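Please read all numbers here as calculations on a predicted model, not as lab measurements. Because only heavy atoms are used, hydrogens play no part in the values below, and waters and symmetry mates are left out as well, while side chains stay in.
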Amino acid sequence: MPEAYEHILVSKLRHLGDVVIITPLLRSLRSCYPRAVISVLVNRGTEGVLDGFPFVDRVLVLKRGKNALADVMSQWHLIRDIRDLKADLFIALTGSDREALYGFLSGAKRRIGFRSRKKKTFDRHFLFTETVNPAPGLHIVDHQLEMLKHLACGPAGRDPVLYWSAEDEAACNDRLSAAGISAVDAYAVVHPTAPKGYKMWRMEGYAALCDYLHNTWHVPTVLISGPDKRERTFLDGIRRRAEHTVHDLGGQVNLKELKALIGRAALFVGVDSGPMHIAEAVGTPVVALFGSQDPERWGPRGAADIVVRKNWDCVPCRKEGCDGNGSWSRCLDELTVEEVLPAVALQMERIGDTGGERGRQPSHR
């Protein structure tokens with residue numbers, strides 16, 4: 001039987017998609033410890049992922065200050081909040097020195113973190129009471145779930161799942177209505193951008209994809225991205241190259257609305273990114289475009305989800321692009337429209353066969 005805990009603090013200080021993929025672990029912890037208070041520490045800007053998530057009680061946010069003094073004050077307040085939790089179990093999922101230090105300062109009697117295979121000058125492992133050394137080659141979701149073995153718990157499920165509210169969906173519907181898409185219209189969400197160019201396909205390819213969805217399937221396309229100017233410029237380039245109207249919501253949708261927007265979509269097409277993981281978690285069929293990164297570790301795992309990539313010996317190289325600085329990948333630059341469209345066609349045919357029903361729609365909360 002698993003040991004009883006009164007308050008569990010889980011930390012995942014990474015990006016949007018990284019928070020999505022810990023939801024199976026959080027759901028499993030709630031199943032194992034139904035009476036425990038479960039808190040989660042995440043980076044600012046990712047907390048909306050867990051809005052309405054029923055398996056956690058509190059979300060703490062790491063906010064970095066704009067200057068040294070503001071940052072020190074922010075860290076001080078966060079450490080105070082962490083200590084006030086009086087957690088008796090701390091679980092670090094990122095593998096960072098900062099996370100290990102927060103765990104130590106939390107005062108939790110049991111502190112578990114992943115053992116790093118990289119040698120560093122500062123050995124953070126002594127800040128934990130125990131470390132987990134998962135088998136190599138696991139999908140990142142299964143990697144996170146390895147923590148359960150050390151808690152004598154079993155997984156309550158291995159699929160990420162997210163929730164959104166009726167208010168979030170109403171706000172999403174208002175944005176779609178302004179773009180000429182009604183509450184009953186089918187549409188596809190396309191997310192073509194990433195913080196670094198080595199994960200991105202070509203503008204011309206996305207423009208052809210949008211035209212194909214319009215001409216063959218009579219489905220409008222909604223483009224999404226972050227607010228970054230470079231990403232918005234990329235979306236503008238797609239719209240200018242497309243022959244038909246493409247709806248641009250880049251940088252206009254907050255994270256809570258984004259879950260509803262993707263959850264309502266008939267299809268999601270995009271790069272290895274946070275929105276791709278959101279699509280998987282809300283049960284929307286996915287066509288994911290992969291380059292140098294390994295889909296066996298980072299790809300969607302829905303039964304009907306499709307990964308498109310080059311069948312080259314060097315793929316996946318697991319590097320940040322061909323030049324090593326993250327700017328581009330040849331395996332994505334040379335991915336052709338003819339290689340992508342069959343996957344899109346297959347997904348659209350499946351959607352037609354099922355009457356438009358998605359595989360794992362979460363309850364709205």
>> Which heavy atom of Ala266 sits nearest to which heavy atom of Ile351, and what is that distance?
In response: O-CD1, 2.9 Å
>> Would the distance check show the side chain of Glu169 and the main-chain N or O of Glu167 forming a donor-acceptor pair, the cut-off being under 3.5 Å?
In response: no
>> Tell me whether Arg297 contacts the main-chain N or O of His139 through its side chain, where contact means a donor paired with an acceptor under 3.5 Å.
In response: no
>> Under a 4.0 Å threshold between the charged nitrogen and the carboxylate oxygen, would Arg30 count as salt-bridged to Asp57?
In response: yes
> Can you tell me if Asp305 uses its side chain to pair, donor with acceptor, with the backbone of Gly302 under 3.5 Å?
Replying inline: yes
> What heavy-atom pair brings Val269 and Leu267 nearest, and what distance separates the two atoms?
Replying inline: CG2-CD2, 3.8 Å
> Quick one: does Asp168's side chain have a donor or acceptor within less than 3.5 Å of a partner on Ser165's backbone?
Replying inline: yes
>> I need the single residue from Val19, Leu255, Val286 that forms a side chain to side chain contact (heavy atoms under 4.5 Å, CB included) with Ile278. Which is it?
In response: Leu255
>> Once side-chain hydrogen bond (donor to acceptor under 3.5 Å, both in side chains) is applied, do any residues pair with Ser39, and if so which ones, sequence neighbours excluded?
In response: His7
>> Just to verify, which of Leu26, Leu93, Val61 counts as forming a side chain to side chain contact (heavy atoms under 4.5 Å, CB included) with Val40?
In response: Leu26
> So, Ser28 side chain and Ala156 main chain: donor-acceptor pair closer than 3.5 Å or not?
Replying inline: yes
>> Filter on salt bridge (charged side-chain N to carboxylate O under 4.0 Å, His left out), then keep only pairs touching residues 240-257, sequence neighbours left out; what's left?
In response: Arg175-Glu257, Glu204-Arg241, Asp236-Arg240, Arg239-Asp248
> Among Arg115, Arg124, His125, His150, whose side chain to side chain donor-acceptor pair (under 3.5 Å) with Thr131 holds?
Replying inline: Arg115
>> Just so I know, are the side chains of Leu60 and Arg58 near enough to count as touching, which here means a heavy-atom distance under 4.5 Å?
In response: yes
> Do the side-chain N and O atoms of Gln75 and Arg98 include a donor-acceptor pair separated by under 3.5 angstrom?
Replying inline: yes
>> Under the side chain to side chain donor-acceptor pair (under 3.5 Å) definition, can you give me all pairs with a residue in residues 216-230, not counting sequence neighbours?
In response: Tyr212-Trp217
> Is there any side chain to side chain donor-acceptor pair (under 3.5 Å) pair reaching into residues 10-23, and which pairs are they, with sequence neighbours excluded?
Replying inline: Ser11-Glu99
> Under 4.0 Å between a Lys/Arg side-chain N and an Asp/Glu carboxylate O for Asp142 and Arg158?
Replying inline: yes
> Which pair of non-hydrogen atoms, one from Phe128 and one from Ala100, has the smallest distance, and what is that distance?
Replying inline: CZ-CB, 3.6 Å
>> For Asp84, I'd like to know if atom CG has over 12 heavy atoms of other residues, nucleotides or ligands within 6.0 Å.
In response: yes
> Is there a donor-acceptor contact under 3.5 Å linking the side chains of Ser182 and Asp185?
Replying inline: yes
> Do NZ/NE/NH1/NH2 and the carboxylate oxygens of Lys310 and Glu339 come within less than 4.0 Å?
Replying inline: yes
> Residues in salt bridge (Lys or Arg N to Asp or Glu O under 4.0 Å) with Glu6, at least two apart?
Replying inline: none
> Where the side chain of Ser106 meets the backbone of Gly103, is there a donor-acceptor pair that is under 3.5 Å apart?
Replying inline: yes
>> If you count heavy atoms of other groups shown closer than 6.0 angstrom to CZ of Arg44, is the number above 12?
In response: no
> Are Arg318 and Trp298 in a cation-pi setup, meaning NZ or CZ lies under 6.0 angstrom from the ring centre and within 45 degrees of the ring axis?
Replying inline: no
>> For Thr336 versus Arg202, what's the shortest heavy-atom pair and its separation?
In response: CA-NH2, 4.1 Å
> Glu130 and salt bridge (charged side-chain N to carboxylate O under 4.0 Å, His left out): which partner among Arg111, Arg110, Lys149, Lys109?
Replying inline: Arg110
In residues 187-198, what donor-acceptor pairs under 3.5 Å come from side-chain atoms, sequence neighbours left out?
unit_1 : atom_1 : unit_2 : atom_2 : d
Tyr187 : OH     : Leu261 : O      : 2.6
His191 : ND1    : Ser273 : OG     : 3.1
His191 : NE2    : Thr193 : O      : 3.4
Thr193 : OG1    : Glu231 : OE1    : 2.7
Lys196 : NZ     : Glu320 : OE1    : 2.9

